[in-house]
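Structure first, commentary second.
Both counts, for ligands and for their atoms, begin at 1 and track the order of listing. Count residues from 1 along the sequence.
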Amino acid sequence: MTRFLTPAKIGVLALIELYTDAIVPTSSTLPVLSFILNQLIPATAKSYPREADSAQSLPFILDIKSFEVLLAAHPAASGLPGRSLWDHFLKKLWEIDSLDSLHTFFTQRTNLLAKTREDVKKDGDLGIPPPSENMILLSRTSPFGSFVRRSKVEFERLRFSDALALWTAFTRWREQSRTYWTRRNGGLGRWAGDRALGEGEEEWGTDATEMLELVAYGGVSLEDEMDGSVSTDDLEKLLEFQVEQMQKLGNRVPPEVRDKIQSIFGESIMIPSLSHYLNFLDAWRSGDYPTSFDNLHRYFDYTMQNRDRLFYQYALMNLAVLQADFGCFDEALAAMLETVSTARENKDMACLNFALNWLYHFGKAHPDTIRGTDSTNMLGVEREGLAYLRVKAKKTGMWTLWGSSLLSEAKLGMSNGESVATAFENMLRSSQLIVDKNMKTMMGPQLAMYSSMWARLGVSHLSRQYCQIFLSCHARYTLFDDTLRFTCRLAHLLTEKGHYDEALEKLDSLDENSLRSWKANQYWLRYRGVIRLKRDLRRDNLDGANQLLSQLLQFTGTDMDSDLAFEINILHIEYLTRRTDYGAALAKIEQMASVMKQDGDDLNLQVKLLTMKALLQDKCGRPQKGFSVAVRAASIAWRARLVPALWVAMGFIANILTSLFEFQASAQILIAIIPQALEYENCSLNAQLYSFLADACMGMAGQAGVGSTKRKENLTKCLEYIDRAFSEYSSIEDIKGQCEMMAKKATIMKVVGEKILANDYAGAYMDLKKEAALAQA
Ligand SMILES: *[C@@H]1O[C@H](CO)[C@@H](O)[C@H](O)[C@H]1NC(C)=O
Ligand SMILES: *[C@@H]1O[C@H](CO)[C@@H](O)[C@H](O)[C@H]1NC(C)=O
């Protein structure tokens, strides 16, 4: 394997010459030049390719077909009429008809370059006129110029055997165009493109020449077509591209690509050290701790030798992130602290800031681990820490870190229930920064923030809209994790409306290759489980729910995403409530609340626990006992502007009023909040509020005199609300709720004296029960 030169690169050199010969007409300049540039410029320097398809359809190792596709469509600007650029290009290729002319080809490359001042002077002394003004010459430092120069130098450095290998690889490479070329030139002989054999035939005769060909070219076997067509340079490019893709998208290497890379490595003696890094990333994603650990060590063992210890902190940082990912938090923390001190020593601000940012988030997620060390002092109190990071990031021009610290500040304010306006201000600032610096990768966290902000403010459709915007516009450029989170959030919103199948479909439509990575896969599996669990709970399929729960609950340990763990715990409480095991449910709530107090967690979660408690009291038939809890929940929710939670809490307060015979007050509260609560599009909340309102109306009807219009009107209202509650319960397939509403309706009819209707409703109730029993079986 050569270091740099391949037949494809000779093709590109010929193409550059074509361009400098001014054969390329003006109209075709752009495609030709961008084709060449695409080959020369490293992938990292390119901005996101707009014309993604055209760039991607080129094979990694250019074959002659790619040149044909590019050139055949364009007529040449000069020369014989009817000839395309492809003909001119082939002429250049086939003119290289021996190893000697390959040497000449490379020597002549200097003619494409602009002369240095000394050269011009020397030429002047010898009486050679300077090149004319309108010739196209490449500046020596331009991408084209440096490519041409490097190719020349690389060729001169080749050992004879390597040059020979390049020549044979080249003949094999252009072989495909032979038929076209010989036909186009009026039937060239058998030895076209090989002068030595062509001239020798006259002397030696056909048989001897063919024998010689066999000896020289090894029978041009087509099986090892790849042989000699890849250089180490190409390999490194390929690896860099892969690593970048993996870091950008958080994927694993697709199996086909991995096989291909391995087959190329099979030929090479030298394996670039970057391949260890690639293996490290892949093993990490696949959840293979020992292998990833091994490869990380190997990579840094190799690189550390040549570039002394300047990059040592990055090795440590990678190690820390890896350890944390596999749940070794203490080791991870130690490694990251080491990173911080090494980065300080080496004055690497970027790394230092990144490490501090990581420590901040790590501390948020694992307060227990970080409490053990005195590392909290490093960032001071949380808020000052963030402000410090923000200022530092701004000073050192680390835009991503700056943006993310702004978002973290917004998030901190939001979960502490501080001013919504301040949170929006921070989000707006980071939004401006993202647009300013075109940081597409930050779009995920930014939109996630907006989405959850609107969810907290109770405007469901805006929250959904942000998710959809992300998925349709930005998902291509960011980590797969973001895509996964947004998809899950959409699925969650669908579940709240009872569209379970659609929600599951959404999850199933995610990219299969990306789901091969272990963490993403785990999250995905659990989320699917959560949706199915919700459906089972509502359908009153408690045995199914129990099975799912017993699996999901195993994952609520430390290595789990804390939001998802909370959700699973809440569902567990709901399950216990439905099983009417109120004692266990209450115990679980208390236990969750005690854990939460220590951590100073998100207010939203606290309010949720409080309302769960109020609900339990209501279920036990002692709603008044939940009064203080409900009022506390309502006041916290109000202060923190947790709008949906506020409606839930107010609903419970109204219910308590009903139980105290304050029907009018109860109805007033409910009528005031229901229109706004509907915006949240949470069917079970709506159903609950309507059913409370129906109870209040029923109470008012009871207070009105027998036979009065007031009683009649209130009863009609009551029936209407029951119907609404019933339809909300139906849309989420909540059997228990449906039964309850039917029973209420039947009772009312009986009271009113409508015996037949009462019987009908009672029948409907029995049917529902039967249906539920069938679903269980
Ligand atoms: C929807 O409302 C129910 C009933 O109040 C509540 O338990 C649940 O958490 C709400 N869902 C969301 C996503 O807020
Ligand atoms: C229901 O009854 C209450 C008092 O008993 C009365 O104030 C109210 O107007 C009635 N509602 C309707 C819709 O008639």
What are the polar N/O contacts of ligand 1 with the protein below 3.5 Å, with distances?
unit_1, atom_1, unit_2, atom_2, d
ligand 1, 2 (O), Asn682, OD1, 3.3
ligand 1, 2 (O), Asn682, ND2, 2.5
ligand 1, 2 (O), Ser684, OG, 3.3
ligand 1, 5 (O), Gln688, OE1, 3.2
ligand 1, 9 (O), Lys608, NZ, 2.4
ligand 1, 11 (N), Asn682, ND2, 2.7
ligand 1, 14 (O), Tyr680, OH, 3.0

Fill in: Polar contact flag for Lys710 and ligand 2 (N/O pairs, less than 3.5 Å)
no
Would you find a donor on one side and an acceptor on the other, under 3.5 Å apart, between the side chain of [X] and the backbone of [Y]?
| X | Y | result |
| --- | --- | --- |
| Asn682 | Glu496 | no |
| Ser472 | Gln468 | yes |
| Ser708 | Gly705 | yes |

Is the count of non-hydrogen atoms from other residues, nucleotides or ligands lying under 6.0 Å from [X] atom [atom1] greater than 12?
| X | atom1 | answer |
| --- | --- | --- |
| Arg532 | CZ | no |
| Lys411 | NZ | no |
| Trp358 | CH2 | yes |

Discussion item. Is the distance from the ring center of Phe424 to that of Trp454 below 6.0 Å?
Written reply: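 For Phe424 and Trp454, the ring centres are under 6.0 Å apart.
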Item to complete: Taking only heavy atoms of Gln664 into account, list the atoms of ligand 2 that are under 4.0 Å away from them.
Response: 7 (O)
